[in-house]
Structure formats: structure tokens, C-alpha cells
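Below is one structure, written out as C-alpha cells, with a few remarks after it.
Hydrogens, waters and symmetry mates are skipped; everything else that's a heavy atom, side chains included, is used. The structure presented is a predicted model; accordingly, all values stated were derived computationally and were not measured. Below, read A as the first sequence line, B as the second, and so on, with proteins coming before strands; counting in each chain starts at 1.
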Amino acid sequence: MQYNFKTIEAKWQKHWAANQTFKAENNSTKPKYYVLDMFPYPSGAGLHVGHPLGYIASDIYARYKRHTGFNVLHPMGYDSFGLPAEQYAIQTGQHPAITTTHNIARYREQLDKIGFSFDWSREVKTSEPNYYKWTQWIFGQLFNSWYDVKNNKAANINDLLVLLKTQGNIGLQAVCDEDTPLLTPAQFNQLSDSEVQQFLLHYRMTYLANSRVNWCPNLGTVLSNDEVKDGLSERGGHPVEQRLMRQWSMRISAYSERLLTGLDNLDWTESIKEIQRYWIGKSKGASLKFNVIDAPNKEVIEVFTTRPDTVFGVSFVTLSPEHELLQSIVPSAHRAAVNEYATIAKNRTERERMTNVKHVSGVFTGAYVQHPFTGQAIPVWVGDYVLAGYGTGAVMAVPAHDSRDYAFAQHFNLPITEVILGGDITAEAYEAKEGTLINSDFLNGLDVKKATDKIITEIEQRQLGKGKINYRLRDAIFSRQRYWGEPIPVEFDAQGMPTLLPNDKLPLVLPEIDKYLPTETGEPPLARAENWNYDTNTMPGWAGSSWYFFRYMDSQNANEFASKEALNYWKEVDLYIGGSEHATGHLLYARFWTKFLFDRGFVGIEEPFKKLINQGMIQGRSNFVYRIKNTNTFVSYNLREQHDITALNVDVNIVRNDVLDIDAFRKWLPEYANAEFMLEEDKYVCGVEVEKMSKSKWNVVSPDDICAQYGADTLRLYEMFLGPLELAKPWNTNGIEGVLRFLKKLWRLVYDQNDLLLLTNETPTPAEYKALHKCIKKVTEDIERFSFNTSVSSFMICVNELNELKCNKKEIVQQLSILLSPYAPHIAEELWSVCGNATSIATARFPVFNESYLVENSFAYPISINGKMRMNLDIALGIDKEEIEKIVLANADVLKQIAGKELKKIIVVPGKIVNIVVG
RNA sequence: GCUCGGGUGGUGGAAUAGGUAGACACGCAGGACUUAAAAUCCUGUGCCGUAACAGGCGUGCGGGUUCGAUUCCCGCCCCGAGUACCA
């Protein structure tokens, strides 16, 4: 009998489940280790072979850590609220909860087949009330908090209330909305209850405000910045436009600096850190005020600039089309033109705006401002290249030293004044931050650095503005006009002021509704629910996933989101594996919420994910057949150019090593039942292309099929064998046979063809020990640096060598089983048990490398001549350079090689190489 | 445009501290076993060259440092990802 993976894998999966082999303990004397996979959304399509890549890697590491004496937390669950289930509900009327339950069951079934060591007793689902109760609770904590700049942390809103009552908010160091009114304590104390509530919204960590949002009409909801890609919704690819709406937002911008500096101590790939840094977008500069000339109400335009040193080069000021001063400062003669321009610019979709970036447009407002240093009159323009959402929505235009201002000035024939030497401003803007200042009054002759320092000092002394740091990170819109999400636990009073639902009323359970669509009046779906007196918005997808890693620590706790003891024991995630697509969404929001919970004393750590690895995406590998036009005849790949053909995607599951299974093809689709073929060398060869893995391209490979055909252990090994974890690579089933062959060879060390047990208790030979310990050394090093692909090679080498040695010593097999167990746990358990062990291999001590088995007394030195390897010479180790040199130069073959040439130099690196330099 | 990855045989990839380039596997070719196929096993396989050796070339391209470079430095080309009027 042969290696029967089906029986073995089913047997051990059942055994692990029945014995709760991988249950993690919250009380343990062992050191803890927390290995986490990114939260999956259970989609209707199920898992394809690309999804488990990261799960396999994390499972290998989790199993390895158990072997080395750690108490390992390795949980799994589902981010089960979301758009697809709701879109499906809209189409079919089926409740999203039913769809979700069904999809989760399917995921679970697929995951179970791969043999992961998850602790399923801790499973969580974000759409279940006992989970989202705590998501709502965290929302409440954010609502009841403000950001205290003085102590640089979030604090209880009641502390703020005391400060406002006693000191007002003039000079108060707190993060708040730009338009927060300034009040003395007396003024504040005169506010009505409702006005106090309105006022506090300027400070709450989650707040209601009229914000400019990304509105997606097709999805009927707003989206956050990270949910919009290229001006289209990330889910579904629908157009997005800008709208002003009253929405819940999260004051993540309060954490900009901490989110930025926190990155420095994280063991993440530099690329993800860079993406986050870029997204946070810190820039240093100054704000500067320009007084409007003849202003009706003494209006002042404030700009933000990173180049205050170029202030003497300002030749105009540009406002964004949304700028509020456009209403008041534009003289009547210009009003119509300005309004027309602003209206058109504002109503463009994000996508239109982005595709028109190169196109310069704008209008002169008719207004002028006074240059703060020269007193000159400077024209004010409106232009769509200025964004309302960044800085102050207004720029001081210095065309000589900014390419956008330059393009604008060229287009409208505005003056360009050079103030820094170094470029050729007749050709293009000189943007480099180096050179000497000219045409700049008291800055003349200084370099950029000195001029910047000096001008900021001047600006602050003359009270024209101040040095300022600006962040690109915007507050995150938190309301979604959708059904399938966490209800926001808030009621409104008659004035529209929000009141938080008390904790003892949580969870606020999602109500039943008749249809999953907005109401006729355009209100969100929740407005359809009877007696629903709460907010009709729901939370975004990122709410539940921003804290789930804490819930796993104590997932069944009914009184707290997790107990202090559990939080204290598990602390943070030690290893987090997932895709880089979460760089600006999940990974940023989860850090934000963790820092917030830390500030408020609910958790003891400030960064949730100590080490992060991004697995590369697995792309699809499509196969093609070539049909001669208007026929049912298919030509093989290399004959296709002789015919007029159409390339058609063919199901990759009926293609093997790019050769089509013709019978299967005829049975595949009815129209191919009578297909004719033109073969090459009796085979039909298919074409190949790398594309995204998707149903429509017929290139989806399911892990279930692979498990059925080759086994889970083979799948696990093969996914790792494919290449480095972080690299994107196309899935290609070609080659999987090699891995299965390896497992069969391993099996044959233990059983012969007649299924007779070959194991002996004899002491292994030095050669056998050597093969094993070479492998122990390599695999241990590989796991520690997450190089799983190279481990698989080492296993193959080891088994090849043991095969050659005809080794069937129990001691060797036993050790090798543990070594292999993280990668191929089923066969490892089986062999371990065959060796006579009654307990699971899961916590068996990982083999320790013993150098003495690898000690050699000679080494085959590569002998190079002028850097080219010519031969190997076996020379004893442990002798000195001079002696090696003598041996080499006495060798007849060496002498032959260098005959007739002058020996210039000989380099000997003991144990490595000899290089002879001749001339 | 900017930022970050990456370019090695027919293919996936290896080379961890500058020291034998191509480990391991697929594929391919030849052979053994078999009536046959599958499975299994053995041999070969970077390219040019040769009967076989010898020899030459070779890690995207061009230069440099070095006894020695896939690895370090400079300049380019190509592919992928992120981002995009952020003042």
C-alpha cells in the first residue's frame, strides 16, 4: 500500500478537533506568542488557492512556536459585515445574515481541510450582537473622549467640560474642528444644554459634522478615502463624487504624529511603513495671512506654504473653488463668472477631476490682497488645482519655484519672479530646496535653509502667521448609509443633538426591515425599521476589524471586551500576516483605535502588531485554446499562427502541464462536444497568460480540489515551495507532483511496497545523523527568517539522502517528523504515532542542531585562476594558509593550468576558496 | 511625476557575511520494469562549441571598486505595486 493522504489527513483533523489540541490557555507558565492572520471577509466565491498562502505561513510559524515551548494563540474568525452580502440581499431579497452564515460555513469547511492549527473556541464574527456590542461600546468611549494636546493623549470628555466651564477654550490645548468658536468661561456657561452638546461635538473623538464626503450614488453610501481608488469605489468600481453631508467622523488626525513616529519601532516591511508615512503626509511650513484690499469685512486669506522662503516671489494667490471667502470678497462685476466656474468645478466627480489634472483652469476673482512684506497688491484667483481639503484651501502662488503655479501663471500670463538662483525659470519652475535668495529684501544672499528659518521668525514676530506642521491624513468618515453593519448606538433629541445609548442598553441590535434599499425620501435602509429612534446610519467595514485582535484574547467574555488578565497576558500580536492592500485602511485604523484604547487605559499596549509580513498576491495563470474562426476546430499553440483564430479561456482544471485533456474538454461545455483538434506531436498545447484569478477567466483553482487530488500536506508544502512568501507569483499547478513525490519517498523510509513497517531501533550511522542535522540547521534558520520555500528544498534533500543511505532508523524518522510537522502536520503526526508516541506531535520538542555531526576533516577547495573556478582540490581542514598554498602549488593539475605564466599572487581563504592570480 | 519592490536556464526558484552561479523541483530527452499504460527507478539537461574532451560566453544594459561581484558603488533600460495638482 502507498502513502494514503486521504485517510491520514481525515484521521488527524478529526483527532485534533476532538482533543482541542490547539486550544490556547489564558493561564500558562509558558511564554506567550500571538500569531494572527488578517481577518477574512467570507465572500460567496469561497477560498481560492491564493487565499491560504498567508494562513499556511502563519500556521507553520505557530506550530513551530508550540514545538519550541510557547503558549501560542492562533485564532481565526470572520469580518462578516459588508457590502457584497447586502448587494446580494438587494438583488434576491435574502437576508444578508443568511448569506453570511452560509458563506462562513463554506469557508470553515475549506479551512478545515487544510489542517490549520486554529483555536476555534475563540472564533469571532463581527456581525454577531455579542461581538458588535463591544464595537458599539468602543464607539461610545470615543464619543465620550477628546484629545488633550497638553498631555498628548485622549481623555474623558468630562475633564474637558470642567476646563470649559472654568477657563473657556481660548488658549485651550485640544484637538478640535477648524471652525470651533472661541468662548470665555462666562460665554460657555450661558450656553443651553443643546448648545453645549453642539459645542462638544467640536472636540469629541467621534463627532457629527458637515463634512465633504466621497458619495457613491450606485452604492448609495459614503466611502472613506481608503475605500476610493482612482476616483472609483474600491468595491464594485462605481463613480464617486464630493458632497457635503452631516456625518459621523473619527478624529484620527489627532493621532497623526503618533501614528507616524510609532512606525519607527515596528518590525514591518519598509514599503508598508512608507505607504503609511505617505498617507499621513507630514509637511513643515508656515501659515501666512494676506489682507484683502478694500474688503467689506476686513477679510483675511490664510495660506499654508512649505516654502515660506519664497514669499517674495508671490505673484498671485489662488483659492479652491469651495473656499468660503469666495462669497464675500468677489466684487459684483466678477461674481457671475466666479460662481459659474466654482459650480462647475465643485460638481465634477473625483474621477473627472483626476483625469483632468494636466488641464489648467481658473478665473480671476477681481479681488486683491496685500503682500504682507512688500505691501504690493496681489491678484486673487480661483483654480481647481487648489484642494479645499488640504491646508487652508488657499495657496500663495510662487510660479518661479512651484510647477503647478508655474503652469497656471504661463496659462494666464501672470508674472514669474525668480527668488532663488539655481534654475532656468524661462523653461520650468525651479523647485529644488537649494540655492541663494535674490529679489527678496532682507533674505537676499541667504541659502534656502537659513532663509526659511529667518522668514518664519519674521512672520511670527510681525504676527502675520506662524510656523506650522500640516498633515494630509484626514479624519475618517464613519457613517455608512447601509443596512449590513453595526448600528450606531445614538438617539437624537428635538434639536438633532446626539445622545449616546447607555452601556446597559447595548447591544443595539440591527432591526429587521422589509427591503434593503434606501427609503423613497432617500434615507438609509434603517429608516424603514419600525420604532427605530436611533441613528439610521451604520458603521463602516473597518469598525469591527479595528479591534478584533483583542477580542480573540477573551472572545466569550460577556462583561468586558476582554478581561484585564487576558489583555495583560497576550498584550499585542507578535506576528501578523496579511496582504499589503490594507496598508492605508485596516492597518492604520487598528493602530488608531489601539492608541485610543491605550490612552483611556483599556489596554496596555500602544501598537497592536509588532511584526508584520505581507504575503505576495497569488495571481491566476490562464490557459487558452485557439479556435479557427467560424469552425469547431481547435489548433494547438504552436500552430495557431497558420490560422485565423480566436483565443478562448479554457478551464485550467482540465489542463495539465499546459496540455489539454481533450476528453475532458469535450465534456466541459456542450458546444465543444464535437470539437476537432489539430495537434502537435499528438498533444494539444495550450497558451498561457498571467491574469487576476477570477471565475470569468476560468483560472480559479480551489484548495478543495488540490486537497482531494494531492492532499493538504502537499498543498501546504507546494504553496510554500512556490517561492518567497512576500513575492507576488502566479499559481501554477505544474510542479505540485514533485512535492507529492517527496512525501511518498518519505513514506517509503517507513513502509515498504507491501505496507510492511521498516522501522528499526538501531543506532543511526554518522552519515544518517549528518543528513538529519544538516536539515535541522537549515530548517531552523529558515523558519526564523520566514524563508519557508527553502525549507521545503532542505526536506527534499534530506529525504533523498536518507533514501540513498537506505535509512529506516526510528530515531531519525522521529526527529525528521517533528522538523516537518509545521509544514506537513498530518503525515508528521502519522509517522510520529507509528514511531510509538501516544501524545500529539504538536508540542514535541523541536530538534536541536548538533554541530558535531557536521564536522568534516577535509574540504574540496575550489581552485580559481584569475577568479575563474578551474577545479576542486581536497585539502585537510585546520591547516594554515601557507601549507594550503604549498599543497595547491605542488599539484600537477594546477601547475599545468598556470604553466608558462607568471605567478603574481595567491589568495587563500581557509575553508572557502583559493584564487591564483597569474599574468 | 514621485515612492517602494523586482529583473538569474524552457519554467518556479536557490546562493543567509564579496568567495564553486543555477541548489531543490517542474518540464524535456534517453533508458529500466510492463503485453501496454499508470506508478516507480536510473541517466542527462544554462548557452555556444566538441565524436568526446578542451575552450569560450553567461545573473536586464553600460561603467567602476576588488585577487574575486547575482551580491558593493555610479549611470541607464524594462516590469510590478502604491500614490497622485497635498502648496
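- Rounded to a whole Å, the CE atom of Met720(A) is 14 Å from the C1' atom of G13(B).
- With salt bridges taken as basic N to acidic carboxylate O contacts below 4.0 Å, none links Lys273(A) and Asp267(A).
- Distances shorter than 4.0 Å separate none of the side-chain N or O atoms of Arg748(A) from OP1 or OP2 on U40(B).
- Residue Asn470(A) is classed as having no contact, given no heavy-atom separation below 4.0 Å to the nucleic acid.
- Considering CG of Leu722(A) and CZ of Phe788(A), their distance stands at 14.5 Å, rounded to 0.5 Å.
- Residue Ile797(A) places its side chain closer to C24(B) than to any other of A25(B), C26(B), C24(B).
- When the C1' atom is compared between A84(B) and A14(B), the two are found 38 Å apart, to the nearest whole Å.
- At a cut-off of 3.5 Å, with distance as the only test, a side-chain donor of Glu227(A) or Ser224(A) sits close to an acceptor on the other residue.
- Under 3.5 Å, the side chain of Lys729(A) and the base of U11(B) form no donor-acceptor pair of N or O atoms.
- In this structure, the NZ atom of Lys282(A) is 14 Å from the P atom of A87(B), given to the nearest Å.
- Rounded to an integer number of Å, the gap from CZ of Phe304(A) to P of A87(B) is 7 Å.
- Note on Ile907(A): a base of the nucleic acid sits closer than 4.0 angstrom, heavy atoms only.
- A salt bridge does not link Asp405(A) with Arg307(A): every distance from a Lys NZ or Arg NE/NH1/NH2 to an Asp or Glu carboxylate oxygen is 4.0 Å or more.
- Heavy atoms of Arg621(A) sit nowhere under 4.0 angstrom from any nucleic acid atom.
- Dashed line: the shortest gap from a side-chain N or O of Arg741(A) to OP1 or OP2 of C26(B) is under 4.0 Å.
- As rounded to the nearest Å, C53(B) and U59(B) have P atoms that lie 24 Å from one another.
- When both distances must be under 3.5 Å, the Watson-Crick or G-U wobble mate of C72(B) is G64(B).
- Note: CE (Met617(A)) to P (A81(B)) measures 8 Å, nearest angstrom.
- Base contact: Val386(A) has a heavy atom under 4.0 Å from a base atom.
- Base orientation of G5(B): anti (glycosidic angle beyond 90° from 0).
- A close approach under 4.0 Å does occur between a side-chain nitrogen or oxygen of Asn800(A) and OP1 or OP2 of A25(B).
- Phosphate proximity of C67(B) to Ser864(A): absent, as no side-chain N or O sits under 4.0 Å from OP1 or OP2.
- In this structure, G9(B) forms no base pair with any nucleotide, since neither Watson-Crick nor G-U wobble geometry is met with both distances under 3.5 Å.
- Straight-line distance between the P atoms of U70(B) and A15(B): roughly 16 Å, to the nearest whole Å.
- Across all strands shown, A17(B) remains unpaired; no Watson-Crick or G-U wobble contact has both distances below 3.5 Å.
- Within the structure, every side-chain polar atom (N or O) of Asn732(A) is placed at least 4.0 Å from both OP1 and OP2 of U11(B).
- Across all strands shown, G80(B) is found opposite C4(B) as a Watson-Crick or G-U wobble partner, with both distances under 3.5 Å.
- Of the two residues near RNA chain B, Pro862(A) and Lys905(A), the one whose nearest nucleotide lies more 5' is Pro862(A).
- At the phosphate of A87(B), OP1 or OP2 sits under 4.0 Å from a side-chain N or O atom of Tyr390(A).
- Across every non-hydrogen atom of Ile425(A) and Tyr406(A), the tightest pair is O-OH, 2.8 Å.
- When the P atom is used for both U35(B) and A29(B), the distance is 24 Å, rounded to whole Å.
- Counting non-hydrogen atoms under 4.0 angstrom, Ser793(A) reaches a base of the nucleic acid.
- At least one donor-acceptor pair under 3.5 Å links the side chain of Lys729(A) to the backbone N or O of Leu727(A).
- Taking a pair to require two hydrogen-bonding distances under 3.5 Å in either a Watson-Crick or a G-U wobble arrangement, C47(B) pairs with G56(B).
- Each of Thr790(A) and Lys744(A) was assigned the nucleotide of RNA chain B with the nearest heavy atom; the assignment lying further toward the 5' end belongs to Thr790(A).
- A donor-acceptor pair shorter than 3.5 Å can be found between the side chains of Tyr589(A) and Asp226(A).
- The residue Val917(A) sits close only to the backbone: its heavy atoms come under 4.0 Å of sugar-phosphate atoms, none of a base.
- Put simply, CD1 on Ile916(A) is 13 Å from C1' on G68(B), counting in whole angstrom units.
- Here the C1' atom of nucleotide A69(B) and the CD1 atom of Ile913(A) are 12 Å apart, to the nearest Å.
- Computed from coordinates, the Leu727(A) CG to A81(B) P distance equals 13 Å when rounded to whole Å.
- With both pairing distances under 3.5 Å, G22(B) is matched to nothing as a Watson-Crick or G-U wobble pair.
- Counted by atom type alone, Tyr390(A) and Ser320(A) present zero donor-acceptor pairs between their side chains at under 3.5 Å.
- The same atom, C1', is picked in U66(B) and in C57(B); the two are 22 Å apart, to the nearest Å.
- Pairing of G30(B), defined by two Watson-Crick or G-U wobble distances under 3.5 Å, is identified with C42(B).
- A distance of about 15 Å separates the C1' atoms of U8(B) and C79(B), rounded to the whole Å.
- When heavy atoms are screened at a 4.0 angstrom cut-off, Thr318(A) is found touching no nucleic acid atom at all.
- Comparing the C1' positions of A39(B) and A32(B) gives an interatomic distance of 14 Å, to the nearest angstrom.
- When only modelled atom types and interatomic distance are considered, Thr790(A) and Asp782(A) share a side-chain donor-acceptor pair under 3.5 Å.
- Among A87(B), U20(B), A25(B), the nucleotide with an atom closest to any side-chain atom of Ser283(A) is A87(B).
- Backbone-only engagement by Pro724(A) is indicated by non-hydrogen atom pairs under 4.0 Å involving sugar-phosphate atoms exclusively.
- Distance Tyr406(A) OH to C85(B) P: 22 Å, rounded to the nearest Å.
- The environment of Lys770(A) atom NZ is sparse: at most 12 non-hydrogen atoms of other residues, nucleotides or ligands sit within 6.0 angstrom.
- Remark: the separation of the C1' atoms in C24(B) and G9(B) is 14 Å, to the nearest Å.
- The side chain of Ile275(A) has G82(B) as its nearest neighbour among A87(B), C4(B), G82(B).
- With U20(B), G58(B), A25(B) as the choices, the nucleotide that has an atom nearest any side-chain atom of Lys868(A) turns out to be G58(B).
- Here Leu387(A) lies in heavy-atom contact (under 4.0 Å) with a base.
- At a threshold of 4.0 angstrom between heavy atoms, the contacts of Glu781(A) include nucleobase atoms, whether or not backbone atoms are also involved.
- Closest to the side chain of Phe721(A), from the set A87(B), C24(B), U16(B), is C24(B).
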